[in-house]
Structure formats: C-alpha cells, structure tokens
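Take a look at the structure set out below.
Residues: numbered from 1 along the sequence shown. Side-chain atoms are counted along with the backbone in the values below, which use heavy atoms only and exclude waters and symmetry mates. Worth saying up front: this structure is predicted, and the values here are computed from it rather than measured.
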Amino acid sequence: MVNQEKFALNLMRLFESKLKTFTTQTIEVWYQELKNYPEEKVFESINHLIKSPDSFISVGKIIENFAHLEAEIAWQRCLASAKAG
C-alpha cells in the first residue's frame, strides 16, 4: 500500500513540474485510485512522468507506465545476461 504522505509529496512534485494546479481533493482522488498498487511502481512512474516532455498527466498514465517500466527492467536484465555470456 502506498504511503499517503509520501504520495502527496510526489504528486505535488509531478503537478508542479508540469505547471498544473491541484487541490487537496485532487491529491485524495489520485491517492484513492493508486493506493493499492505497489508503492515502488507508483513512485517510479511518477518520476518517469516528471521527466517526460508530455504535459498531460492522469492516473491512467501512471498505471500505463507500470507496464513500460517492467518492460524496461526485463530488457536491462536481458542485456546484462547477453553481456555476461
């Protein structure tokens, strides 16, 4: 379960990085939608969105990034295995 205080801080970073406004209600709604996902994946996805050039952010994009991040990890493992022979 996602820590609510850490989530709020990370979500505020995301909104600030995209120059978007938010309210405490916005943070609560997003938290309710994402609280049952693995915390590490949620925060990795938020950080990925912060660094992306995309200015449109949504709960769905955070969830969508989970699959992208898993594929990236799998690729890194495959590459490391190939390099190791």
Side-chain angles (χ1 to χ4, degrees):
M1 182 172 234
V2 176
N3 176 290
Q4 193 167 7
E5 289 177 25
K6 286 169 53 177
F7 177 81
L9 291 173
N10 277 278
L11 195 62
M12 285 187 270
R13 285 181 45 238
L14 174 61
F15 275 84
E16 291 292 336
S17 73
K18 302 298 181 183
L19 302 174
K20 303 289 184 184
T21 59
F22 61 91
T23 65
T24 54
Q25 186 175 15
T26 305
I27 294 171
E28 181 61 26
V29 168
W30 282 52
Y31 177 74
Q32 291 302 318
E33 292 299 322
L34 296 166
K35 69 181 180 183
N36 293 319
Y37 288 97
E39 183 175 80
E40 182 179 306
K41 286 185 178 186
V42 171
F43 294 151
E44 283 179 18
S45 186
I46 288 172
N47 285 330
H48 183 264
L49 285 175
I50 287 171
K51 295 172 187 172
S52 81
D54 191 354
S55 64
F56 181 77
I57 53 176
S58 68
V59 171
K61 283 199 175 190
I62 291 175
I63 295 168
E64 183 180 274
N65 273 331
F66 295 164
H68 171 76
L69 292 170
E70 286 178 9
E72 190 173 310
I73 289 168
W75 169 248
Q76 292 300 324
R77 287 182 182 152
C78 180
L79 188 59
S81 175
K83 287 180 179 179

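- Expressed to the nearest 0.5 Å, how far CG of L49 lies from OG of S52 amounts to 5.0 Å.
- Residues M12 and L19 do not share a hydrophobic cluster, clusters being chains of Ile/Leu/Val/Met/Phe/Trp/Tyr side chains in contact below 4.5 Å.
- For residues 21-35, no pair satisfies salt bridge (Lys or Arg N to Asp or Glu O under 4.0 Å), with sequence neighbours left out.
- Annotation: salt bridge (Lys or Arg N to Asp or Glu O under 4.0 Å) contacts involving residues 6-20, sequence neighbours excluded, comprise K6-E39.
- Residues in residues 17-38 take part in these ring-ring contact (aromatic ring centres under 6.0 Å, His included) pairs, two or more places apart or across chains: F7-Y31, F15-F22, F15-W30, Y37-F66.
- Between L34 and V2, the shortest heavy-atom distance links the atoms O-CG2, 3.6 Å.
- Residue-environment remark: CD (Q32) exceeds the threshold of 12 foreign heavy atoms within 6.0 Å.
- I46 approaches N10 most closely through the heavy-atom pair CG2-O, 3.6 Å.
- One hydrophobic cluster, built from ILVMFWY side chains closer than 4.5 Å, cannot hold both L14 and F56; they sit in different ones.
- With sequence neighbours excluded, the residues that form a side chain to side chain contact (heavy atoms under 4.5 Å, CB included) with Q25 are T23, V29.
- Taken to the nearest 0.5 Å, the CG atom of L11 stands 9.0 Å off from the CD1 atom of I50.
- One distance of note links OG of S45 with CD of E64; it measures 9.0 Å at 0.5 Å rounding.
- Clustering of Ile, Leu, Val, Met, Phe, Trp and Tyr side chains at separations under 4.5 Å places W75 together with L79.
- Contacts of S81 classified as side chain to side chain contact (heavy atoms under 4.5 Å, CB included), with partners at least two apart in sequence or in another chain: none.
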